Each structure stands twice: as structure tokens, then as C-alpha cells.
Amino acid sequence: MRNTLILIAIATTLVGCAKTAPMRHSYHYATHQSSELNGNLVSRPDATARLNLHVFEELYNSGKVDRAAGISEETALQKAELIKTANLGATQKKSFSNAPQAASSIEPGEAKDVMLWAEELRETYLDGYRGVQ
């Protein structure tokens with residue numbers, strides 16, 4: 001009887017922990033992005049993951065559609081790299097000042113976040129293509 005209750009408790013816990021690939025990538029980004037922790041900023045990874053989830057789901061579904069359409073693995077990898085490079089360029093911040101050498105700057109933490117974002121989007125698309133749940 002006691003063993004049965006333990007097995008039921010474990011099974012219930014594991015079912016509640018199951019996350020889809022887009023959820024895992026969104027949560028990984030939210031928990032690994034650099035954030036400034038000071039009195040004016042509170043970081044909530046769960047909320048960030050939830051807000052970004054739709055982007056990851058769209059890319060995952062795009063990968064599934066491409067797989068169903070019969071796109072080759074090589075073409076899928078090229079598309080994944082295109083997704084990554086497009087997001088690297090789109091998220092860079094530009095700042096301008098009177099000094100010519102300061103025409104563009106990205107903080108080291110922001111550069112890490114940009115790379116992490118682009119890589120997670122790339123991997124989400126490939127997970128959809130490969131059928132990773």
C-alpha cells in the first residue's frame with residue numbers, strides 16, 4: 001500500500017514537470033540571461049519565459065511544418081543559421097554620440113544575451129524540425 005502511494009506521488013510529480021521543447025528553450029533563455037540586480041530592477045524568469053513563449057512556439061511549429069513539407073536536413077540547418085544571424089543583427093543596440101569611436105556599443109552582458117537569444121531560437125526551430133518533444 002505504501003509503495004503504491006509513493007509510486008502515485010512520483011508519477012504525479014513527473015507529469016507536472018513535463019515541458020515542451022519551446023517551453024524549455026524559453027525558460028533556459030529567461031534563467032540564463034544576464035540581468036542587472038539593483039534596487040530598481042526585479043528579474044522574474046518565469047514571467048519572462050511566459051512572455052517569450054509565443055516566439056519559441058512559432059519557430060518550433062515552423063520547424064514541424066518544414067519537416068512535413070519534406071525540406072532536407074541541410075536546408076533546415078541553413079534556415080536555422082539564417083534565423084540565428086537575423087536575430088543577432090536585429091537585437092543589437094546602436095548608440096550615437098559626438099565621439100566617432102562610440103558610434104555603436106553593446107555592453108558585454110547584452111552581447112551575451114543577444115547570442116543566447118539567437119542560439120535558443122535556432123535550437124527551437126531545429127527541435128521542431130527533428131520532432132523533439
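Numbers here simply count residues along the sequence, with the first being 1. Given the structure is predicted, the values throughout are model-derived calculations rather than measurements.
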Which residues pass the side-chain hydrogen bond (donor to acceptor under 3.5 Å, both in side chains) test with [X], sequence neighbours left out?
{"X": "Glu81", "answer": "Arg122"}
{"X": "Thr20", "answer": "none"}
{"X": "Tyr29", "answer": "Gln33"}

Not counting sequence neighbours, list each pair that qualifies as a salt bridge (charged side-chain N to carboxylate O under 4.0 Å, His left out) and has a residue in [range].
{"range": "residues 42-52", "value": "none"}
{"range": "residues 123-133", "value": "Glu73-Arg130"}
{"range": "residues 53-69", "value": "Asp66-Lys79"}

Who pairs with His32 by ring-ring contact (aromatic ring centres under 6.0 Å, His included), at least two apart in sequence or on another chain?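 His32 satisfies ring-ring contact (aromatic ring centres under 6.0 Å, His included) with His28 once adjacent residues are dropped.
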Linking I/L/V/M/F/W/Y whenever their side-chain heavy atoms sit closer than 4.5 Å, directly or via other members, would [X] and [Y] fall into one cluster?
{"X": "Tyr129", "Y": "Val65", "result": "no"}
{"X": "Leu116", "Y": "Leu59", "result": "yes"}
{"X": "Trp117", "Y": "Leu126", "result": "yes"}

Met23: hydrophobic cluster co-members (side-chain, 4.5 Å):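 Members alongside Met23: Leu53.
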Could you report the tightest heavy-atom contact between [X] and [Y], atom names first, then the distance?
{"X": "Thr31", "Y": "Pro45", "value": "CG2-CB, 3.8 Å"}
{"X": "Pro22", "Y": "Thr124", "value": "CA-CG2, 4.4 Å"}
{"X": "Ser26", "Y": "Ala49", "value": "OG-O, 2.6 Å"}
{"X": "Gly63", "Y": "Tyr125", "value": "CA-CE1, 3.4 Å"}

Taking side-chain contact (heavy atoms from CB on, under 4.5 Å) as the definition, give me every residue that meets it alongside Gln133, ordered by chain and number, with sequence neighbours left out.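 Scan of Gln133 (side-chain contact (heavy atoms from CB on, under 4.5 Å), adjacent residues dropped) gives Tyr60.
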Quick one: list whatever passes salt bridge (Lys or Arg N to Asp or Glu O under 4.0 Å) with Arg24, sequence neighbours left out.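 If we apply the salt bridge (Lys or Arg N to Asp or Glu O under 4.0 Å) test to Arg24, skipping adjacent residues, there are no hits.
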Parallel, tilted or perpendicular: which one describes the rings of His25 and Phe56, with boundaries at 30° and 60°?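 Plane angle under 30°, so parallel.
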Is there a side-chain contact between Leu121 and Lys84 in this structure, where contact means two heavy atoms from C-beta onward sitting under 4.5 Å apart?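 When only atoms from C-beta onward are counted, Lys84 and Leu121 do not touch, as no gap falls below 4.5 Å.
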What distance separates Ile83 CD1 from Glu120 CD, expressed to the nearest 0.5 Å?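 Answer for the CD1-CD pair, Ile83 versus Glu120, is 13.0 Å.
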Nearest-0.5 Å distance that lies between atom CD1 in Ile71 and atom CD in Gln78: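 Those atoms lie 10.5 Å apart.
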